[in-house]
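Heads up, the thing below is written out as structure tokens.
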Amino acid sequence: MTKTQNNRAWFLVLPVLVLVAMNAIIPLMTVVNYSLQETFGDNLFFWSGTDNYVAVLHSPRFHAALLRQFAFTFIILLIEVPLGVAIALAMPRAGVWSSVCLVLMALPLLIPWNVVGAMWNIFALPDIGLLGWGLNALGINFNYTNQPVSAWFTIVLMDVWHWTSLVVLLAFAGLRSIDEAYYRAAKIDGASRWAVFRYIQLPKMRQVLIIAILLRFIDSFMIYTEPFVLTGGGPGNATTLLSIDLVKAALGEFNLGIAAAMSIIYFLMTLFVCWLFYTLMTQGKEDAA
Amino acid sequence: MLELREVSKRVGDAVHIRDVSIRLEPGTLNVLLGPTLAGKTTLMRLMAGLDRPTSGTVWADGVDVTGLAVQKRDVAMVYQQFINYPALTVYENIASPMRIARRPKAEIDETVARVAALLKLEPFLDRLPLQLSGGQQQRTALARALAKNARLVLLDEPLANLDYKLREELRAELPKIFSQSGAIFVYATAEPEEALLLGGHTATLHEGSLTQFGPTVDVYRRPNTLLTARTFSDPPLNWARVRKVGGVFHTHLPDEPPEGEADVPVPPAYAGLADGAYVIGLRPHHLALSPTGADDVAVDGYVQAIEITGSETYVHLDCLNTDCIMLTHGVHELPLGSTVTVHFSLSRLMVFDAEDVAVAPQAEDVAVAPDAGKGAD
Amino acid sequence: MAEITLDHIRHAYGPAKSRDDYALKELNHVWSDGGAYALLGPSGCGKTTLLNIISGLLTPSEGRILFGGKDVTGLPPEARNIAQVFQFPVVYDTMSVAENLAFPLKNRGVPAAEIKARVARVLDMLRLTAIADKKAAGLTADNKQKISLGRGMVRDDVAAILFDEPLTVIDPHLKWELRAGLKRLHREFGHTMVYVTHDQTEALTFADKVVVMYAGEVVQVGTPEELFLTPTHTFVGYFIGSPGMNVLPVTLEGTTARVGGEEVALPAAFAAPAGARVELGVRPEFVTLGAEGLAFTTTRVDDVGREKIVHGTIAGRDVAAILPEGAEVPAEPRARFRLDRINLYADDWRLAPATKEPAA
């Protein structure tokens, strides 16, 4: 929609533009630059065209990391979205308890990511950590430092603990926007709890759930700090997700060209998924109009 | 003076306002009348400068202000929702536009006192808006708009969220308040009765087009199209497509003979019309159960439903080969499905041609010819 | 379908120490099976409280409510067999129109064949057959309200259908259609209906009996005609009619009343309690302006198309008169009141004529 022109408005947008340029556009262009060249240090660059991309796309190591990444994202979405919705549904809709629940829910989101990693690192240790010790005491052989299954279990659990709250808060906001009359009408219509969820709450939460899934997808794709602190990508490469792999390539092996190509591929994939979600969301709006 | 010249507003493929030209004089009250989505709010936003027309120009006092921002336009607006600053007292709410304009304190005090007196807000000046009733909150919003002393005051269905009786009270006061200001008032409503009670001028809107503009009672009495007549009628206008053959309007097709009497004689003032297709219209309160005078016409009606308000009876009829409503004084318990004789005065008959444009009566009443010059559809 | 009995119902939202603490003061009414009732009053008069008590959202502080003789006071809405149409349309967005109507039946385990038959019948009644397969989300407000009503009408166990200002979001022209349609449905199916509104036209045209509420109290229950001709309280006179009833302070002298310095003949003799504030009430419809009667000072004339509303004063009090379309206002008018349409009030309550009617 065209608004009446007021050129002063551009000044208000300017800081954001500058910030976005510094944060995103300039680094992105640098990365594109790196990805098309080969370097051995000393600021010596050789043009290599798409060689880096071809190498990355054919590398079994990249395939493995990508597969692990998708597996991880898929698992956490599968757990966090239904769990978040379930918790939001169980929360009191108004009153003091509602506020108490909201504050409790927000707590994990307020903790710095590296602290989350460190916390779970200790919590899951088989000798002194409550979780690790507890599981072993129950007769389950659990040691995330040398068992891939244990490591996966720990990082998934940590992510669920850390991020389910986000889904809860969004779903709760969606639920709060439903007029009381809908619940009354459903009661009068003799609707079961499930029917209320299926025909009132879920359709009304659709928009926020898409946003929740989108945010969790992007965030889980970027996940680095917590698994780095917790497992460092191990044991072996068992929990080496995309960004850990990327950092290993860039800083561990100083393969800047390869790492840059990886990050561009990785960026394009995220962009594609975002576009997919955006289309879904705008279509949903047209349906509702 | 505010003038819109061939203003259109399109969003994508949808036309929200279509070629509207209108001139509003200072010190007048102008009602925009039309149902939901007729374009009332969009037109107001264009007048205010909140939106920019896709084509056409907006002129204020002879100056083209089409691209000018709303802040520079000297307008005030009142909405259907009661919008006030919740943290400010009623006094500060009313004073706010003058505080922004940095008026001297004495002037602010004086204006707030005057406007508050006009809107009966004096006892509440120290209260916060949310401590007031809906009617008082809307009075506060109105007072703020008046205190701004803007040249253009736009009111978008300001009474729609109020109780029926409160609406009635405020509506009775509004013309007085408006007449004491030199501003141009524009008032949007979906209710024909509200337009009539407010008086002033009325512009009827239909699907983004301005169908007629003129003094309210003139537009009501002499609509220039069937569309305007229908927009400006509550209860809905009774109208039927007819064939003129000689001195008779037939409401039925030749091969579908009517049940009972349903033909209407052509009024003398329309005797000179060529035979062919026309539309006749009758307002619900012009139908009666007893003869109406010298030029009375009687047709048969079949009672479909009865609504009794105590003072009046609304009779829903199958009459003139269409659905009609009769609005009649007193209480009439008519059995459903029964046949009644429906009377009306032939002079009340509105006649439109096949294109739905009003046909002027030809004989003695030339003076009441519809003003066809303005905004014909 | 059922008779609704309100047995000494009172309700207070907090602890009630005095009569004024009750949002709903004592109510004792029996509403007959198949009747159409309207609860009419301004915001805050207690009409919504009463509706919520009937629907089961609220349990009254005192008293019992019975549906067809069965005590339902403690029952929640879903156990009461009521249907409700809300102010803003409630439809299940993801379902089609027909699925919306089938929903309450499906929930109650009605066999599929019967659901189909009943839904088809209600679709036809509400004239929704043409859009039966459309998604409910994209419909206009009036069709959505029809769906809300239809979900009640498909059920055969409904004791009463409740309406909470259902025409708020409907355009004026469509209101006429929906009101006439509702009237037809009521006549054909005979549900007990309770309709809450602040709009007198809706209340009067809908109901057989209008319950006028004011400050938590029922001030009059009557037919539209009774409310118009013999309002039992000045509030009813004011609230019903546009403009409302004219009220003038008078002093009684047998069969005449004294207004300012002038006299008005009364239809009968009235006796007011000593010290009571006595007022004469006459509706604008029954005030005529001519050469005889009380001195009337015109202040404003509103031409509202089908009639003229003349505002003026008699002995310094505002009085309105309604004149037919095209009538002229005399230059120095005097006002007369139609004799049999004069009501007298002592402390706001209507006085029965001492001679004829027995005390109400």
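Chain A is the first sequence line, chain B the second, and so forth, proteins listed ahead of strands; every chain is numbered from 1. What you see below is based on every heavy atom in this structure, not just the backbone, and it leaves out hydrogens, waters and symmetry mates.
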Region of [X] that comes under 4.5 Å of a non-hydrogen atom in chain C:
X      : value
B:T231 : backbone
B:L166 : neither
B:E312 : side chain
B:L198 : neither
B:Y314 : side chain

Given a strict heavy-atom distance threshold of 4.5 Å, which part of [X] is in contact with chain B: side chain, backbone, both, or neither?
X      : result
C:I309 : side chain
C:R306 : both
C:F206 : neither

Nearest non-hydrogen partners of [X] and [Y], listed with the distance:
X      : Y      : answer
C:P172 : B:A190 : CG-O, 3.2 Å
B:Y164 : C:S242 : OH-OG, 3.4 Å
B:D234 : C:H173 : OD1-CD2, 4.4 Å
C:R300 : B:A172 : NH2-O, 3.7 Å
B:L196 : C:V304 : CD1-O, 3.2 Å

(message) Are C:E325 and B:H286 packed together at the side-chain level, in the sense that at least one heavy-atom pair is separated by less than 4.5 angstrom?
(response)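 A side-chain contact under 4.5 Å exists here.
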(message) Within the structure provided, determine whether C:R179 and B:E307 are in side-chain contact (heavy-atom separation under 4.5 Å).
(response) yes
For [X], does the [atom1] atom sit with more than 12 other heavy atoms under 6.0 Å from it, leaving out its own atoms?
X      : atom1 : answer
C:R187 : CZ    : yes
C:E328 : CD    : no
C:Y214 : OH    : no

Gap separating the [atom1] atom of [X] from the [atom2] atom of [Y], nearest 0.5 angstrom:
X      : Y      : atom1 : atom2 : result
C:I240 : B:S311 : CD1   : OG    : 9.5 Å
B:L197 : C:D303 : CG    : CG    : 10.5 Å
C:K183 : B:I308 : NZ    : CD1   : 7.0 Å

Can you tell which of [options] has the highest number of heavy-atom pairs within less than 4.5 Å of chain B?
options                : result
C:Q200, C:E177, C:K175 : C:Q200
C:R283, C:H198, C:R184 : C:H198
C:T168, C:D199, C:V210 : C:D199

(request) Could you note down all residue pairs passing salt bridge (charged side-chain N to carboxylate O under 4.0 Å, His left out) where residues 159-174 of chain B supplies at least one of them, sequence neighbours left out? (result) B:K120-B:E173, B:R139-B:E173, B:K165-B:E168, B:R167-B:E191, B:R171-B:E194
(request) With chain C as the partner chain, list the residues of residues 29-37 of chain B whose heavy atoms fall under 4.5 Å from it, by residue number, and write 'none' if nothing qualifies. (result) B:P35, B:T36
